[in-house]
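In what follows, a single structure is set out as C-alpha cells and then discussed.
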2 protein chains.
Amino acid sequence: MPSAGILVIGNEILSGKVVDTNSPFLCRELRALGVDVERIHVIPDVIETIAQDVREMSERHEFVFTSGGVGPTHDDLTMDGVALAFRQPLELNKSVAERIERAQGHPPNKSQLKMAFLPSGAVLLDAGDLWFPVIVVKNVYIFPGIPELFRKKFLSVRDRFRGVPFQLKRVYLMQRESDIAHYLNETLSEFPDLLMGSYPRTGEGTYHVMVTLESRDPAYLGRALDALLARLPAEAVQKVE
Amino acid sequence: MPSAGILVIGNEILSGKVVDTNSPFLCRELRALGVDVERIHVIPDVIETIAQDVREMSERHEFVFTSGGVGPTHDDLTMDGVALAFRQPLELNKSVAERIERAQGHPPNKSQLKMAFLPSGAVLLDAGDLWFPVIVVKNVYIFPGIPELFRKKFLSVRDRFRGVPFQLKRVYLMQRESDIAHYLNETLSEFPDLLMGSYPRTGEGTYHVMVTLESRDPAYLGRALDALLARLPAEAVQKVE
C-alpha cells in the first residue's frame with residue numbers, strides 16, 4: 001500500500017502566527033484514498049533543512065507532499081530546497097513564465113519570474129482552472145501554503161493517489177479507558193492485523209472512550225468488531241457506527 | 001536563545017481522525033516565552049520510531065516536548081519509546097502508583113499501573129491540581145494528548161522555559177505580493193538580523209499581504225520598520241500594528 005510523508009514549510013507555523021490546516025486536510029483526503037501518511041514534519045524556511053527533509057522523505061515514502069514556500073518573496077525557498085535535495089539546478093521554465101504572462105496580459109516582473117524557476121526535470125500537472133500548475137519533482141508534489149489554493153490544487157490531482165481505502169468502525173463506550181483496556185488487548189491478540197485506537201474524552205459528553213477499529217478487509221473488520229463486542233459488558237456500549 | 005522540538009505521537013492524527021491542536025498552542029506559548037520552536041514531527045504509535053525521533057530531537061534542541069501516547073491502552077507507547085531512546089529500563093515509579101491510589105481511593109488496576117511505569121531516572125514535576133505529574137526524562141517533557149490536560153499541564157510548568165521574547169510588528173498592504181517583494185528584499189539586506197514574513201491572503205478582505213517583522217531587540221525592530229515604511233508607496237499601507 002502506498003505511503004506518504006507531508007512536509008509543511010514555514011516559519012509562520014513554528015512561531016505560532018498561523019495554524020497549519022493543510023496537513024489535517026491532506027491526512028483526511030489521503031486516508032480516504034487508501035494512502036498511509038507515515039509522517040508530518042513542520043520545518044522553517046531554510047534551504048538546507050528543506051533539502052535534507054525532502055531527500056529523506058523522498059527515499060522513505062512513495063509520495064511526498066510539500067505545503068508552502070512557493071511564492072515570490074524572499075522567504076519562499078521550497079524550490080531552492082527541492083533543487084538542492086536532488087542536486088539539480090533551478091532553471092527558468094518557459095511554460096510557467098508564459099502562463100504568468102497569459103494570465104495577467106503582460107510579462108512577469110522580477111519577483112513573479114522567481115516563481116518560474118523550477119528544479120531541472122520538474123513535471124507540470126494542470127490544476128483545473130488555476131493558472132499555476134502543480135509542480136512534481138521525482139516523487140515530490142509541491143503545493144502552495146494558502147489553504148484555498150492547496151485544496152483546489154490537491155483535489156485537481158487527487159485521483160493519481162488512489163489505493164485501497166481503510167474501512168472504519170467506531171465503538172462509543174461509557175466506561176473509563178483503564179477499565180476496558182484489557183478487552184482491547186485481548187481483541188488485538190486475536191486480530192493482530194487490526195488497527196485499533198482508543199480515545200478518551202474529558203468534560204461533559206455522552207461517552208467516555210471512543211474505540212476505533214480499522215482494516216482494509218471488511219470481513220476481517222466485521223469479525224474483529226463482533227469479537228470485541230462479545231467481550232465488552234453490554235451496558236458499557238453506547239453505540240457503534 | 002533556547003530552541004525546542006515538538007513531537008506529536010498518534011496514529012489518530014496521521015489518519016485524519018483527530019486534528020492536533022496541541023502543537024499550535026505550544027508554538028504560540030513558546031514564542032511568547034522567547035523559545036524558538038525549530039521543528040514539529042507527527043509520528044505514529046511505534047516504539048522504534050518514537051525512540052529515534054526523541055533521541056534526535058533531544059540532541060538537537062534544548063527542550064523537547066511530546067504530546068500523546070501516555071494513557072493506559074495498548075497504543076500508548078510514548079514511555080516505551082523514551083526509555084528505548086535513552087537505553088533506560090521502564091520501572092515502576094512508586095510515587096506515581098501512590099498518587100493513583102490516593103486519587104481514586106483504591107489500588108490501581110493493571111491498566112492503570114501501566115501508567116506508573118516510567119523510564120529510569122524520570123523526574124516528576126507537580127502539575128497544579130492534576131494528580132498525574134509532568135514527567136521529564138533528560139530534556140524531554142512528556143505531556144498527554146488530550147488538549148485540556150495538555151494545556152493545564154503546560155501552563156503549570158511554563159515558567160521554566162522563559163527566554164527573551166520576540167517583538168512583532170505587522171504591516172498590512174493593499175498591493176500584491178509580487179509588486180512589493182523588492183521592497184522587502186531591500187529592507188532585509190539593510191537589516192540582516194530581522195525576521196521577516198510575507199503572507200498573502202486570497203478571497204475577500206481589506207488587505208492583500210500581511211508582512212511581519214520580528215526581532216528580540218525593540219530598537220532594531222523600530223529602525224527596520226521605519227526603513228520598510230519609507231520604501232513602500234504610502235497608498236500601499238493600510239495599517240501597522
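By convention in this document, chain letters (A, B, ...) are assigned in the order of the sequence lines, proteins followed by strands, and residues within each chain are numbered from 1.
- Taking every heavy atom of both residues into account, A:D75 and B:S198 meet most closely at OD2-N, 3.3 Å.
- Neither the backbone nor the side chain of A:M115 comes within less than 4.5 Å of any heavy atom of chain B.
- The part of B:T212 that comes within reach of chain A is its side chain, from C-beta onward, which places non-hydrogen atoms under 4.5 angstrom from that chain.
- Heavy atoms closer than 4.5 Å to chain A are found in the side chain of B:L168, but not in its backbone.
- Against chain B, the residues from residues 43-50 of chain A that qualify, each with a non-hydrogen atom under 4.5 angstrom away, are A:I43, A:P44, A:T49 in number order.
- Taking non-hydrogen atoms and a 4.5 Å limit, the residue list of residues 173-188 of chain B in contact with chain A, ordered by number, reads B:R176, B:E177, B:S178, B:D179, B:A181, B:H182, B:L184, B:N185, B:L188.
- Heavy-atom pairs under 4.5 Å with chain B were tallied for A:L26, A:V35, A:L30, A:D53; the largest tally goes to A:D53.
- Taking non-hydrogen atoms and a 4.5 Å limit, the residue list of residues 54-62 of chain A in contact with chain B, ordered by number, reads A:R60.
- Across B:R39, B:Q112, B:E38, B:R28, the residue that shares the most heavy-atom pairs under 4.5 angstrom with chain A is B:R39.
- Using a 4.5 Å cut-off between heavy atoms, A:I6 makes no contact with chain B at all.
- Contacts with chain A (heavy atom to heavy atom, under 4.5 Å) involve these residues of residues 12-21 of chain B, listed by number: B:E12, B:I13, B:L14, B:S15, B:G16, B:K17, B:V19.
- When each of B:P108, B:G197, B:S111 is checked for heavy-atom pairs under 4.5 Å with chain A, B:S111 comes out on top.
- Neither the backbone nor the side chain of A:F166 comes within less than 4.5 Å of any heavy atom in chain B.
- Between chain A and the residues B:K110, B:H41, B:R31, the largest count of heavy-atom pairs under 4.5 Å involves B:H41.
- If you measure heavy-atom distances from B:F25 to chain A, you find no contacts under 4.5 Å at all.
- No part of A:E29 comes within reach of chain B, as not one of its non-hydrogen atoms sits under 4.5 angstrom from that chain.
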